[in-house]
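The structure under discussion appears below in the form of structure tokens.
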Amino acid sequence: MDIFKETLKTFIVNIIKEEKKIDVSSLQAEKLIKNPPDDSFGDYCLAAYYMQNYGFQGKPETAAGDLYNLCGRRFAEIAGLFDKIEIKGAYVNFFVKRERFVSEVVKEVVDSGSDYGRDVPEKPLTAAIDFSSPNIAKPFGVGHLRSTVIGMSLSKIYEFCGHKVIKINYLGDFGTQFGKLITAFCRYGDINFSEFEKDPVKVLYELYVRIHKDEQTDATVEEEAKKRFKTLEDFMSLNKRGFEEYLGAIKGLGDKKIKNIFSGSPEAAEASESTVADAAYIPENIKLSEENKNLFCGTAEGQYNLWKIFRKLSIEEFKRIYKSIGIEFDSYEGEAESAEFSKDIKEILLKSGIAEISEGAAIVNVKGIKAPALIAKSDGTSLYLSRDIVTVISRMAKYNFDKMIYVVGSEQALHFSQLFGIFGILKENAEKIKAGKNFKHYASMIDGKLIHVKFGRIIGMSTRKGNLVFLEDYIEEARLKALEKLEERLKILENNLSVEIKDAAKKLSEGIEELETLTENVEQQSLIHGQKKEQIYLTSLKVGIGAVIFNDLKTRRTTDVNFNWDNVLSFEGQTGPYLQYTVSRINSLLNRLDVNETDLKNDAQSFRFSKNDADFDDIFLIAKQIYGLKTAVHSAVEQNEPSVLSTFALDLASYFNKYYQNHRLIGKNYDYVKPRIAMLVSVKTVLVSILNLLCIPVLDKM
RNA sequence: GCGUUCAUAGCUCAGAUGGAUAGAGCAACAGCCUUCUAAGCUGUGGGUCGCAGGUUCGAAUCCUGCUGGACGCACCA
């Protein structure tokens with residue numbers, strides 16, 4: 001509970017009401033209270049120009065004078081929490097009682113633990129978040145990392161605030177590209193099948209690259225690919241259900257899954273992914289081999305099986321990668337599922353007069369967008385857009401979402417404005433739609449609930465040879481760099497240690513007893529030095545992952561990222577490892593101070609600070625930063641912008657490191673140390689919370 | 001050509017939704033490890049907020065124009 005702001009709010013509401021005879025709602029009052037840009041100006045302020053509607057007219061300076069006098073006269077009402085009021089230009093500044101402020105903040109963090117900073121909304125929403133969504137004909141490159149990490153982080157932030165989140169991975173498992181891949185498989189006679197078994201994704205990638213190259217010179221490639229894709233899609237629609245019945249069947253299905261997922265049982269997790277497993281079911285006796293090639297390439301069913309095999313191999317690979325960086329989904333969906341119904345969409349939109357035929361293709365004209373929205377090709381096969389329409393309606397039936405968030409690059413902005421526009425049309429023309437009850441119901445309630453969370457491109461990223469950087473190589477590069485740094489540091493520690501031992505031995509021989517400090521130091525340092533090989537591996541891996549992920553989350557999403565290896569591989573300053581390092585520093589300190597956290601909670605003494613202490617100003621800065629967490633979380637949700645939290649965490653870590661550098665705790669008496677332990681725990685709690693929300697691994701030691 | 005979007009220190013970016021003196025980190029230079037992890041800390045230098053207008057008490061932030069970049073614009077996703 002924010003007692004300082006609340007108190008100030010009622011204070012100002014009362015003043016306006018009683019002195020100016022104007023009623024102000026608490027929400028309006030909240031907007032009047034701002035934070036000065038600098039601590040020396042105070043902690044809260046009222047700006048005269050915002051007060052004009054509340055009886056403070058005239059020049060800002062004179063209005064501020066009026067306001068200042070009234071506040072001053074009634075200062076006794078807030079004297080319990082505030083020290084003083086000052087006037088400065090057009091502003092009236094309020095200074096909190098700093099000792100009280102710090103102890104309130106620290107107490108609240110220690111009491112609420114990992115819940116601290118939660119911004120609970122009046123009404124929790126069901127938010128479906130579609131992110132990562134790789135195209136499985138292509139390997140998982142670094143480009144996918146941004147969507148993956150932004151989406152995962154947003155999911156965590158929404159969940160942290162108490163919203164229901166459904167994390168959806170919408171696999172690009174369909175389209176002409178698969179026709180190309182199948183074409184490649186069937187055309188080339190020199191496929192290495194034993195390698196296919198060992199590293200399928202690599203072979204698929206080679207096929208992909210090769211067919212694209214051939215396409216440049218050979219026009220028959222595209223022709224064949226299109227034909228094969230049509231064969232595939234037609235085969236899949238053979239024994240299809242109607243969209244209307246399908247919608248009826250899946251209605252509310254998500255509810256069960258959501259509940260299960262939230263209970264966290266392993267069966268539930270499996271069940272939620274079963275759709276993919278089912279779709280990827282492949283007959284036992286069919287294997288990729290030279291002999292079976294004709295089987296795959298000759299018939300429609302063969303191609304269908306081949307497609308399933310490619311799909312399955314890719315998904316397995318993706319899951320492995322996701323797991324390694326701590327990403328998980330509640331549901332895997334595929335475009336192929338929606339393809340089954342995209343013809344229904346085309347027919348409904350045509351019949352209802354929303355779509356029309358132009359140059360043989362089906363298009364929708366969306367208000368305000370010049371480019372026509374293509375929903376079907378002239379050969380009748382489906383397109384990205386029509387499949388997306390099906391998908392959203394299905395999701396609405398399944399999950400009844402309040403928000404559907406697409407975390408997709410900004411280059412697809414046009415696609416999404418067309419998609420969103422079509423649902424606007426469907427809502428406006430709800431009566432005209434010639435379709436079943438289910439379709440009309442769901443399709444008309446989607447408008448306004450779709451959000452495109454776009455992000456900028458990563459520019460200039462390439463390896464020495466190729467142009468696509470595989471995520472795993474990227475992480476490995478970061479890991480090696482972290483390892484290098486770690487080993488360097490271990491070596492320095494080792495040197496210091498041996499010098500110390502020599503020194504002590506010398507002193508011992510001279511008869512000076514320093515055994516106690518020696519053993520303490522040896523113990524401490526061997527803790528670090530004694531890290532086993534696996535530990536060193538894990539540490540460097542976590543640091544590497546932290547660096548890579550933070551790099552994608554530290555700037556505002558919409559700006560393009562100028563990729564620079566040196567930037568990513570530097571672990572100093574505004575980086576993930578800096579945050580991880582700060583946490584491990586606190587850990588180390590807490591270990592040395594022998595902390596009992598339950599003790600801390602029950603002992604009011606833990607939260608009492610004195611402003612006469614030399615470190616108080618620095619503690620106040622830390623407390624003030626911590627106090628801002630809730631606002632930061634709130635605006636991260638508001639803007640769908642994880643970077644708000646990255647910046648926040650960097651600031652907090654910086655304040656803490658300054659404190660750490662300037663004030664020592666070891667060796668001080670316990671009464672002095674106790675409240676500071678609570679402060680340390682608070683900083684750690686907040687940093688760890690944010691690292692979790694940003695999908696960055698936390699380390700005990702570095 | 002039309003549309004979207006961006007332009008802040010040498011480089012990478014913040015800038016609380018129009019408010020007080022535009023801030024960090026890298027890089028450069030000068031310092032701090034026999035005392036809690038130097039992946040840290042301290043200090044110095046570095047700015048016509050792309051350019052020109054406009055809106056008002058007040059603009060890096062809003063509107064218009066220009067310049068420059070990125071992305072997108074009919075059967076790819």
Side-chain angles (χ1 to χ4, degrees), chain A residues 34-38 41 45 47 49-50 59-61 88-91 93 133 135 137-138 172 174-177 180 226 335 358-363 369-379 381 383-385 387-388 409-415 417 454 456-457 459 482 485-486 488-489 492-493 496 499-500 503 517 521 524-525 528 543 547 554-556 558-562 564 566-567 570-575 577-578 580-582 584-593 628 631-632 635 638-639 643-644 646-647 650-651 654 657-658 660-667 701-702:
Chain A
K34 304 270 177 183
N35 300 104
D38 192 290
F41 295 165
C45 66
Y49 17 80
Y50 295 128
K59 276 199 164 166
E61 281 76 10
K88 193 172 161 77
Y91 297 85
N93 296 322
S133 305
N135 192 314
K138 299 173 197 163
F174 216 57
T176 317
Q177 44 177 331
K180 282 181 193 164
K226 277 188 178 172
E335 279 189 84
S358 161
E359 296 171 33
I363 63 161
I369 303 172
K370 279 188 183 163
L374 255 88
I375 56 168
K377 293 191 251 184
S378 44
D379 71 358
T381 55
L383 278 162
Y384 184 33
L385 185 58
R387 298 197 280 270
D388 258 8
S410 42
E411 64 269 15
Q412 292 193 37
L414 178 62
H415 165 77
S417 46
K454 49 190 143 188
R457 290 162 46 89
I459 298 166
K485 196 130 192 171
L486 190 58
E488 213 172 274
R489 294 173 41 140
I492 292 171
L493 275 179
N496 288 349
V499 168
E500 251 174 73
D503 274 8
T517 42
N521 281 338
Q524 170 64 18
Q525 306 212 356
I528 301 166
V543 170
K554 72 177 172 186
T555 62
R556 298 203 80 96
T558 42
T559 45
D560 291 347
V561 174
N562 283 310
N564 182 338
D566 290 342
N567 270 347
S570 136
F571 303 152
E572 283 156 28
Q574 299 170 333
T575 65
Y578 175 72
Q580 294 170 316
Y581 179 70
T582 308
S584 21
R585 260 186 156 179
I586 298 174
N587 274 332
S588 152
L589 195 43
L590 288 174
N591 282 338
R592 296 268 242 151
L593 289 167
T631 316
S635 64
E638 200 88 326
Q639 304 170 35
S643 76
V644 174
S646 322
T647 319
L650 286 174
D651 287 342
S654 167
N657 279 316
K658 274 168 198 161
Y660 181 90
Q661 195 74 26
N662 295 329
H663 313 284
R664 305 202 152 257
L665 293 178
I666 302 282
K701 266 196 301 242
M702 265 173 88

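In what follows, every chain begins at residue 1, and chains take the letters A, B, ... in the order their sequences are listed. Remember, predicted model here, so these are calculated numbers, not experimental data.
- Looking at the side chain of A/Gln574, the nearest of the listed nucleotides B/rA20, B/rG25, B/rA70 is B/rG25.
- Base orientation of B/rC33: syn, since the glycosidic angle falls within 90° of 0.
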Using the 3.5 Å cut-off, write out each protein N or O paired with an N or O of nucleotides 41-45 of chain B and the distance between them.
{"residue": "B/rC41", "atom": "OP1", "partner": "A/Tyr578", "partner atom": "OH", "Å": "2.9"}
{"residue": "B/rC41", "atom": "O4'", "partner": "A/Gln661", "partner atom": "OE1", "Å": "3.3"}

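- Heavy atoms of A/Leu414 sit under 4.0 angstrom from primed sugar atoms or phosphate atoms, though from no base atom.
- For the P atom pair drawn from B/rC73 and B/rA28, the interatomic distance equals 43 Å after rounding to whole Å.
- Residue A/Glu572 has its side chain nearest to B/rA27 when only B/rA27, B/rA14, B/rA74 are considered.
- Scored by the ring-ring contact (aromatic ring centres under 6.0 Å, His included) test, A/Tyr50 finds no partners at all (sequence neighbours excluded).
- When heavy atoms are screened at a 4.0 angstrom cut-off, A/Lys180 is found touching no nucleic acid atom at all.
- Base orientation of B/rU17: syn (glycosidic angle within 90° of 0).
- When base pairs are accepted only as Watson-Crick or G-U wobble with both N-N or N-O distances under 3.5 Å, RNA chain B takes part in stems of 3 or more pairs at B:1-7 with B:67-73, B:10-13 with B:23-26, B:28-32 with B:40-44, B:50-54 with B:62-66.
- Within the structure, a side-chain polar atom (N or O) of A/Arg387 is placed less than 4.0 Å from OP1 or OP2 of B/rA77.
- Closest to the side chain of A/Gln639, out of B/rA20, B/rA14, B/rU17, is B/rU17.
- Residue contacts shown for A/Val543 include a base, since a base heavy atom lies under 4.0 Å away.
- When the nucleotides B/rA20, B/rA77, B/rA38 are ranked by their closest atom to the side chain of A/Gln412, B/rA77 comes out on top.
- As judged by a 4.0 angstrom heavy-atom cut-off over every strand, A/Ala371 is placed among residues touching the sugar-phosphate backbone only.
- Residue contacts shown for A/Gly175 are limited to sugar-phosphate atoms, with no base heavy atom under 4.0 Å away.
- Between B/rU37, B/rA20, B/rC76, one nucleotide has an atom nearer to the side chain of A/Tyr660 than all others, and that is B/rU37.
- If you take NZ on A/Lys485 and CE on A/Met702, they are separated by 9.0 Å, rounding to the nearest 0.5 Å.
- Both stacking criteria are satisfied for A/Phe41 over the base of B/rA20: a centre-to-centre distance under 5.5 angstrom and an angle between ring planes under 30 degrees.
- Of all nucleotides listed (B/rA20, B/rC36, B/rU37), B/rA20 comes nearest to the side chain of A/Pro37.
- When the nucleotides B/rG25, B/rU37, B/rA77 are ranked by their closest atom to the side chain of A/Tyr384, B/rA77 comes out on top.
- The residue A/Thr558 sits apart from the nucleic acid: no heavy atom pair falls under 4.0 Å.
- At a cut-off of 3.5 angstrom, the base of B/rA38 holds no donor-acceptor pair with the side chain of A/Arg489.
- Only the P atoms considered, B/rA9 is 9 Å distant from B/rU48, to the nearest whole Å.
- Comparing B/rA77, B/rC36, B/rA20 by their nearest atom to the side chain of A/Cys45 picks out B/rA20.
- Across all strands, A/Asn587 comes closer than 4.0 Å to no nucleic acid atom at all (heavy-atom distances).
- With B/rU37, B/rA39, B/rC76 as the candidates, the nucleotide lying closest to the side chain of A/Lys226 is B/rC76.
- The shortest distance between the side-chain N/O atoms of A/Arg457 and the OP1/OP2 oxygens of B/rA70 is not below 4.0 Å.
- Contact annotation for A/Leu383: backbone-only contact, meaning every heavy-atom pair under 4.0 Å involves sugar-phosphate atoms and none involves a base.
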